[in-house]
Amino acid sequence: MEFHSVLIIGGSGFIGHHIVDKLALTDWRVMVPTRHYDNAKDLLQLPPVDDVIEADVHDEAALDRLVPGNQAVINLVGILHGTQSKSGERYGPEFAKAHVELPRKIVAACARHGVHRYLHMSALGADKHAPSMYLRSKADGEEAAFSNPAVATTVFRPSVVFGAEDHFLNLFANLQKYFPLLLLGSADARFQPVFVEDVARAFVHALQDESTIGKIVELAGPKVYTLRELVRLAGIFSGHPRPVIALPEPLARLQAALLEHMPGEPLMTRDNFDSMKVDNVTSNSMLEAFGIEPTALEEVAPSYLQGRRPHEHVDTVHLNRPR
Ligand SMILES: NC(=O)c1ccc[n+]([C@@H]2O[C@H](COP(=O)([O-])OP(=O)(O)OC[C@H]3O[C@@H](n4cnc5c(N)ncnc54)[C@H](OP(=O)(O)O)[C@@H]3O)[C@@H](O)[C@H]2O)c1
């Protein structure tokens with residue numbers, strides 16, 4: 001069998017693990033750069049992974065070493081938090097670097113080295129005029145992803161993604177484990193959560209389907225929920241249902257500002273709050289067009305939120321294959 005190789009930048013994260021795992025069923029081999037080898041070396045156990053390399057992907061010279069020899073590049077790098085923009089700027093420097101400058105550099109490197117195919121991860125709601133820096137920078141990132149005609153790009157926009165290691169339902173489940181009640185901002189914001197395995201299947205499908213070139217692919221699950229409903233479900237599924245009290249907007253923004261200034265990775269920022277001012281839903285999800293039946297949250301979230309099967313959907317059949 002002739003193998004193709006794909007460089008997956010940001011492949012060490014939640015969604016990356018699932019895409020890598022799904023590629024086991026194909027003729028694609030994978031290389032993953034990471035900022036911290038020790039945090040990502042577990043990927044070497046997944047059969048399609050040829051190498052995990054510590055590298056600074058923002059450095060063009062590093063990209064010139066990583067990109068050549070691949071038939072495709074996938075970019076999953078994304079951040080949720082960054083500093084506020086200075087006056088006149090639409091987002092702060094961290095969002096600019098991770099969401100806009102990086103895809104521009106990757107696409108340029110692909111063009112320099114004759115790598116024809118690029119799959120780019122954006123987010124549902126990406127819009128130049130969106131209320132948050134996250135969504136505005138994601139929109140500019142999409143433009144960067146399509147910026148070079150020599151590179152055939154597909155952009156993905158998922159709604160919030162759920163799965164055993166997700167950063168969303170697990171957060172609300174954990175908060176309800178430790179606090180007697182939850183004070184919730186943006187309680188009526190609407191989401192259409194999509195299962196991580198379905199997102200991974202969509203990437204693998206697009207890698208092999210040239211008709212997706214030049215397209216923006218929205219990905220969403222079968223049902224729309226308010227944030228309040230999702231938080232309640234996380235409490236019920238994890239066995240710690242707590243009262244959820246919706247905060248009026250000024251208090252919710254104050255709460256976000258306070259959380260933003262807590263030490264460590266913030267639970268919530270004003271920018272996250274601003275992201276939720278627009279609904280995160282779509283009637284154009286492409287899953288079914290790709291032959292993927294969208295998985296219901298109720299089908300999988302109860303088991304992983306109870307902590308029973310932390311990696312239930314990562315297919316470990318080939319984990320012991322000799323390397
Ligand atoms: N999860 C969701 O619900 C969701 C919804 C919509 C869109 N998305 C988008 O999907 C993508 C992947 O999401 P995820 O949940 O898998 O994220 P994740 O678990 O945080 O993984 C992202 C990976 O990107 C790398 N990374 C992060 N910040 C970086 C930076 N400043 N420079 C270079 N590399 C960096 C990290 O790899 P190393 O630490 O190994 O370097 C990390 O493992 C992101 O673009 C996100 O915006 C996610």
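Remember, it's 1-based here, ligands and their atoms both numbered in the order they're listed.
- Between E197 and K22 a salt bridge is recorded (basic side-chain N to carboxylate O distance below 4.0 Å).
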N or O contacts of ligand 1 with protein under 3.5 Å, please list pair by pair.
unit_1: ligand 1; atom_1: 3 (O); unit_2: V161; atom_2: N; d: 2.8
unit_1: ligand 1; atom_1: 15 (O); unit_2: H167; atom_2: NE2; d: 3.4
unit_1: ligand 1; atom_1: 16 (O); unit_2: F14; atom_2: N; d: 3.3
unit_1: ligand 1; atom_1: 16 (O); unit_2: I15; atom_2: N; d: 2.9
unit_1: ligand 1; atom_1: 19 (O); unit_2: F14; atom_2: N; d: 2.9
unit_1: ligand 1; atom_1: 19 (O); unit_2: H167; atom_2: NE2; d: 3.2
unit_1: ligand 1; atom_1: 26 (N); unit_2: R35; atom_2: NH2; d: 3.4
unit_1: ligand 1; atom_1: 32 (N); unit_2: H58; atom_2: NE2; d: 2.8
unit_1: ligand 1; atom_1: 37 (O); unit_2: S12; atom_2: OG; d: 3.0
unit_1: ligand 1; atom_1: 39 (O); unit_2: R35; atom_2: NH2; d: 2.9
unit_1: ligand 1; atom_1: 40 (O); unit_2: S12; atom_2: OG; d: 2.5
unit_1: ligand 1; atom_1: 40 (O); unit_2: T34; atom_2: OG1; d: 2.5
unit_1: ligand 1; atom_1: 41 (O); unit_2: R35; atom_2: N; d: 2.9
unit_1: ligand 1; atom_1: 41 (O); unit_2: R35; atom_2: NE; d: 2.9
unit_1: ligand 1; atom_1: 43 (O); unit_2: S12; atom_2: OG; d: 2.8
unit_1: ligand 1; atom_1: 43 (O); unit_2: G13; atom_2: N; d: 3.2
unit_1: ligand 1; atom_1: 45 (O); unit_2: L76; atom_2: O; d: 3.0
unit_1: ligand 1; atom_1: 45 (O); unit_2: V77; atom_2: O; d: 3.2
unit_1: ligand 1; atom_1: 45 (O); unit_2: G78; atom_2: N; d: 3.4
unit_1: ligand 1; atom_1: 45 (O); unit_2: K138; atom_2: NZ; d: 2.8
unit_1: ligand 1; atom_1: 47 (O); unit_2: Y134; atom_2: OH; d: 3.0
unit_1: ligand 1; atom_1: 47 (O); unit_2: K138; atom_2: NZ; d: 3.0

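- Between H120 and Y118, the ring planes lie tilted relative to each other; the angle falls in the 30° to 60° range.
- Sorted by first and then second residue, the side chain to side chain donor-acceptor pair (under 3.5 Å) pairs involving residues 168-181 (not counting sequence neighbours) are D166-N170.
- Legend: side chain to side chain donor-acceptor pair (under 3.5 Å) pairs involving residues 100-111, not counting sequence neighbours: none detected.
- Ring geometry for W28 against H4 counts as tilted: the plane angle lies between 30° and 60°, on a 0 to 90° scale.
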Validation: residues 83-90 side-chain donor-acceptor distances under 3.5 Å, sequence neighbours left out:
unit_1: T83; atom_1: OG1; unit_2: E94; atom_2: OE1; d: 2.7
unit_1: T83; atom_1: OG1; unit_2: E94; atom_2: OE2; d: 3.1
unit_1: S85; atom_1: OG; unit_2: E89; atom_2: O; d: 3.3
unit_1: R90; atom_1: NH1; unit_2: D140; atom_2: OD2; d: 2.6
unit_1: R90; atom_1: NH2; unit_2: K128; atom_2: O; d: 3.1

